[in-house]
Enquirer: 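Before I ask anything, let me first share the structure, which is written out below as structure tokens.
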Amino acid sequence: MKTKLSILMLVFCCVFLSCDKSDDDSTSVSNFYKGADTSASVADLTGIWAIFNVGFQGDVAEVPVVYPDCGRDFIIFSENGIYTEYLFQHSGCEYQLNSLNWSLNKGIINLFNEFGQSEELVITKLNANELVFKMKLDVDEDGTLDVVNVFLKPYTPKEIDIVTPTFKRNQDAAFDQLLSFSWQSYQGFNDFERYEVYRSIGGNCNFADAELIATISEVNTTVFTDLTPPAEAYLCYYLKVYTDRGLLGQSYGHFVHTENIRAQPVTLYKPDILGSAIQFNWQASTDPYFSHYELAFSNFGGGYATGQQVYSVAIINDREVTKYLDEHPPLLENPFYVLYVHNIFGNRTEFYNSQVTTFQEVPFKRPEILSLSQVQSYTIDPENTVVYFYGKEGSSRNMSHIHRFNYSSNQTEAISNLGTTYTTNIPIKYINSGYGGEIIVEQGSDLAVYDAMTLKYKYTLDLKIQGANDFSYSSLGYWIVVNKENIYTYVRDNANMNLVDTKPHFSNYQNSNHYKAFVLRNNNILLGHYNEPNSYLYALSANGTMTQEQMVPIPIKANWEGDSRYNATGNYVINFSENRLYSTANFTLMESFESPYFPSGTSKDGGLIFGSNNDPDWQITEESIHAKEAVIYNRQTQKSSTVSTIGYPHVIFENAFGDIISISSGLKKDDIGQNINDKGDLFLEVIQWP
């Protein structure tokens, strides 16, 4: 075993020494132990030494300083029996340490390690000013050991700070989200006193404003974690090292942007449903930077999804409080609840974590929530607190059914026993044509009939035409049907439809389905199309025949984005998409209004217009400005009033009892036809006005 310092120095010196001389007695291995200074003592040997010369075969060469700024390489014989070499690696004065054990016996130094390897040095001279020893080395690499003489003098090395340059964020995974720092321990030759850790606030790393936050007197304690930092966006940390000689060095400031310190998640346990409330429990947080818990609900679980909305339920500031009873669950079918942990730096945990259960889907639905995830159309019972909805439960792949929902009792009183086969663009309608109340659904150009009370399928009325685009019923007892070519009148005999009359309408066939026919109170028929600026007016006679009276300047703007309604008492047609009323008495523009910006209904007497100011085209996010407000316009005063609502209003109407009713959603959505994650959130509420 050879020490690395000796190898490096002798190889260097051999460049200057003649290696072709024959060995003499003084350099013979056989004479290696000859001349040992048996009076050499441990006390005289203990200290710091540097090699100044090397001798071989009678020649002595000076050992130069390789890195002048750093000084000589040096060795230390310590009192504790540790032999240490300090070898500078480059001009930056970073050094390598080689450490062995040593002992002295009758002038022989024994260097050894824990593996049982050893090497002997023979002291030939030792006093306060000089140390000379012999060692064995194969100088000429001929396979035979040679003896060289090493001349050392006491040395006071220049102390180099190699500690503070190693000060950095702790890379250990256990400290990933902590303000933790590590550094290389002090291994110098002076007496260690302390490490000092400082912290400053702000992004400039100004040491003048730094605060001493830790003093560490144990040399091998080289990790510090700040568990009580201020709640600041920017922090800076520094390290100072002191020996018995004073300040050894100070590190550069280590900047930390605390928005990158993520809060540590906790487990949200499976909740308990307690009647109309939900009990939540979770694991207590051990995050040292804990600020508060936040319980929230969402219509999606896991990570971000298009249409996801997340709303706060409760804030809990005490880390020891690990339960919450939600007595007012959201207006959402089977909501997802998530537990966020916030830290003092304003950061919170993610919705989803692969290691910890952070959210739970709760199988809970408030009774007022419709079981429909998607509504394609609806119709209002003119005599009861009932609305009929045509749509789908759960997945959008499911078949559509009709639901009879009583909003007084919050009960779904019936669901159609037979799902529909064909999709339809025509809204379902409640019609009583002498056979009791019935719900009519267009199906493949025919009309499917369901009993309005039980929603049992009765039969389908065969129209014997191609492509029905709208239908209605006249108090004269005739059914009016429109397709893209003609308008038809029928008389019904139970399950049979008998054609009475046919009249043509617009010569320009429209590709879309946006035809609409209104039966006016004088039994005239007004027929229009979204793309046409005028509408046809037909007179319906008592025998069911039609006479084309005239073209009138009333556009009927009913399409996917807006509807048109006929108000018999007010004697007008209202186009919701343009906020205009047209008289059905003299067929002129009656008036226009500004607010509500998006109307959806009128009062029975036509004096009030209902709607909201929520734009269906607004992007839906938690921050969007959708408001839980209904807007009611009074035509007489020409003023609008805003009324707070429980949910987001979509369709507002007046029922048979004078109540103003809103079909609302618990979450933001474009319209009642939007399916978000197959969850229901529609309900009906009574608007308290005035």
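Values below: all heavy atoms of this structure, side chains included; hydrogens, waters and symmetry mates excluded.
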Enquirer: Checking ring pair (Phe, Tyr, Trp, His ring centres under 6.0 Å) between Phe280 and each of Tyr337, Tyr324, Phe297, Phe359, which is the one that passes?
Expert: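 Looking at Tyr337, Tyr324, Phe297, Phe359, the match for Phe280 under the ring pair (Phe, Tyr, Trp, His ring centres under 6.0 Å) is Tyr337.
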Enquirer: Using 30° and 60° as the class limits, which term best fits the ring planes of Phe181 and Phe167: parallel, tilted or perpendicular?
Expert: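 Rings of Phe181 and Phe167: parallel, as their planes differ by under 30°.
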Enquirer: Evaluate the criterion ring-ring contact (aromatic ring centres under 6.0 Å, His included) for residue pair Phe576 and Phe598; output intermediate values, then yes/no.
Expert: CA-CA 7 Å; Phe576 293 148; Phe598 303 95; over 10 Å; no
Enquirer: Salt bridge or not for Asp671 and Lys669, using N-O below 4.0 Å?
Expert: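 No, this pair does not count.
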Enquirer: Assert yes or no for the condition that the ring centre distance of Phe653 to Phe610 is strictly below 6.0 Å.
Expert: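 No, the ring of Phe653 stays outside the 6.0 Å limit from the ring of Phe610, centre to centre.
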Enquirer: Taking the six-membered ring for Trp, are Phe255 and Tyr234 closer than 6.0 Å centroid to centroid?
Expert: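 Ring centres of Tyr234 and Phe255 closer than 6.0 Å.
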Enquirer: Could you tell me whether Lys240 sits above the aromatic face of Tyr198, with NZ or CZ closer than 6.0 angstrom to the six-membered ring centre and within 45 degrees of the axis?
Expert: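 Yes.
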Enquirer: Quick check: closest heavy atoms across Tyr289 and Leu179, and the distance to 0.1 Å?
Expert: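 Between these two residues, the closest heavy atoms are OH-N, 2.9 Å.
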Enquirer: Does the ring centre of Phe300 sit less than 6.0 Å away from the ring centre of Phe336?
Expert: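 Not under 6.0 Å, so no.
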Enquirer: Between the side chains of Thr385 and Ser408, is a donor N or O closer than 3.5 angstrom to an acceptor N or O?
Expert: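 Side chains of Thr385 and Ser408: pair found under 3.5 Å.
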Enquirer: How about Arg262: does its CZ atom have over 12 heavy atoms from other parts shown lying under 6.0 Å from it?
Expert: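 At most 12 heavy atoms, drawn from other residues, nucleotides or ligands, come within 6.0 Å of this atom.
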Enquirer: I want to check something: taking the side chain as every heavy atom from C-beta on, are Glu413 and Val386 in contact at a cut-off of under 4.5 Å?
Expert: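 With C-beta onward as the side chain, the pair touches.
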Enquirer: Any chance the side chains of Ser664 and Glu685 put a donor and an acceptor closer than 3.5 Å?
Expert: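 Side-chain D/A pair, Ser664 to Glu685: present.
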Enquirer: Grab the two heavy atoms, one from Pro329 and one from Ala277, that are nearest each other, plus how far apart they are.
Expert: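 Residues Pro329 and Ala277, closest heavy atoms: CG-CA, 4.5 Å.
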Enquirer: Can Lys365 and Glu333 be counted as an ion pair, charged N to O under 4.0 angstrom?
Expert: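 Looking at Lys365 and Glu333, the cut-off is not met.
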Enquirer: Would you say the side-chain atoms of Thr412 and His403 include a donor-acceptor pair closer than 3.5 Å?
Expert: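 Result is no, nothing qualifies.
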Enquirer: Looking at the rings of Tyr269 and Trp282, which for Trp means the six-membered one, are their centres under 6.0 Å apart?
Expert: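 No.
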Enquirer: Using only heavy-atom distances, determine whether the side chains of His401 and Glu393 contain a donor-acceptor pair under 3.5 Å.
Expert: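 No, no side-chain donor-acceptor contact under 3.5 Å.
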Enquirer: Once you round to the nearest 0.5 Å, how far does CG of Asn343 lie from OG1 of Thr258?
Expert: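 Interatomic distance, Asn343 CG to Thr258 OG1, rounded to 0.5 Å: 8.0 Å.
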Enquirer: Please determine if Arg245 and Asp191 form a salt bridge, counting it only when a charged side-chain N lies under 4.0 Å from a carboxylate O.
Expert: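 Here Arg245 does not pair with Asp191 in a salt bridge, since their nearest N and O are not under 4.0 Å apart.
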Enquirer: So that I can tick it off, tell me whether Glu361 and Lys270 are bridged by a salt bridge, with the cut-off set at under 4.0 angstrom between side-chain N and carboxylate O.
Expert: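 Salt bridge flag = no for Glu361 with Lys270.
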Enquirer: Determine, stepwise, if the pair Trp183 / Phe224 fulfils ring-ring contact (aromatic ring centres under 6.0 Å, His included).
Expert: CA-CA 9 Å; Trp183 56 92; Phe224 170 75; 7.7 Å; no
Enquirer: Measuring from Leu295:CG to Ile315:CD1, what's the distance to the nearest 0.5 Å?
Expert: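 Rounded to the nearest 0.5 Å, the CG-CD1 separation comes to 9.0 Å.
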Enquirer: Treating Tyr407 as the side-chain partner and Ile661 as the backbone partner, does any N or O pair qualify as donor plus acceptor under 3.5 Å?
Expert: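 Checking the backbone N and O of Ile661 against the side chain of Tyr407, no donor-acceptor pair under 3.5 Å is found.
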Enquirer: So that I can tick it off, tell me whether Arg319 and Asp287 are bridged by a salt bridge, with the cut-off set at under 4.0 angstrom between side-chain N and carboxylate O.
Expert: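 Judged by the 4.0 Å cut-off on N to carboxylate O distance, Asp287 and Arg319 do not form a salt bridge.
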Enquirer: Step through it carefully: locate the ring centre of Tyr378, locate the ring centre of Tyr390, and say whether they are under 6.0 Å apart.
Expert: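 No; Tyr390 has its ring centre 6.0 Å or more from that of Tyr378.
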Enquirer: Rounded to the nearest 0.5 Å, what separates atom CG in Asn614 from atom OG in Ser665?
Expert: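 One finds 8.5 Å between CG of Asn614 and OG of Ser665.
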Enquirer: How many angstroms lie between atom CG of Leu370 and atom CD of Gln374, to the nearest 0.5 angstrom?
Expert: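 CD of Gln374 is found 13.5 Å from CG of Leu370.
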Enquirer: Kindly indicate, with the supporting measurements, whether the criterion salt bridge (Lys or Arg N to Asp or Glu O under 4.0 Å) is fulfilled by Glu654 and Lys604.
Expert: CA-CA 6 Å; Glu654 183 182 6; Lys604 289 185 173 299; over 6 Å; no
Enquirer: Does one side chain, of Tyr237 or Arg199, offer a donor that lies under 3.5 Å from an acceptor on the other?
Expert: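 No, Arg199 and Tyr237 have no side-chain donor paired with an acceptor closer than 3.5 Å.
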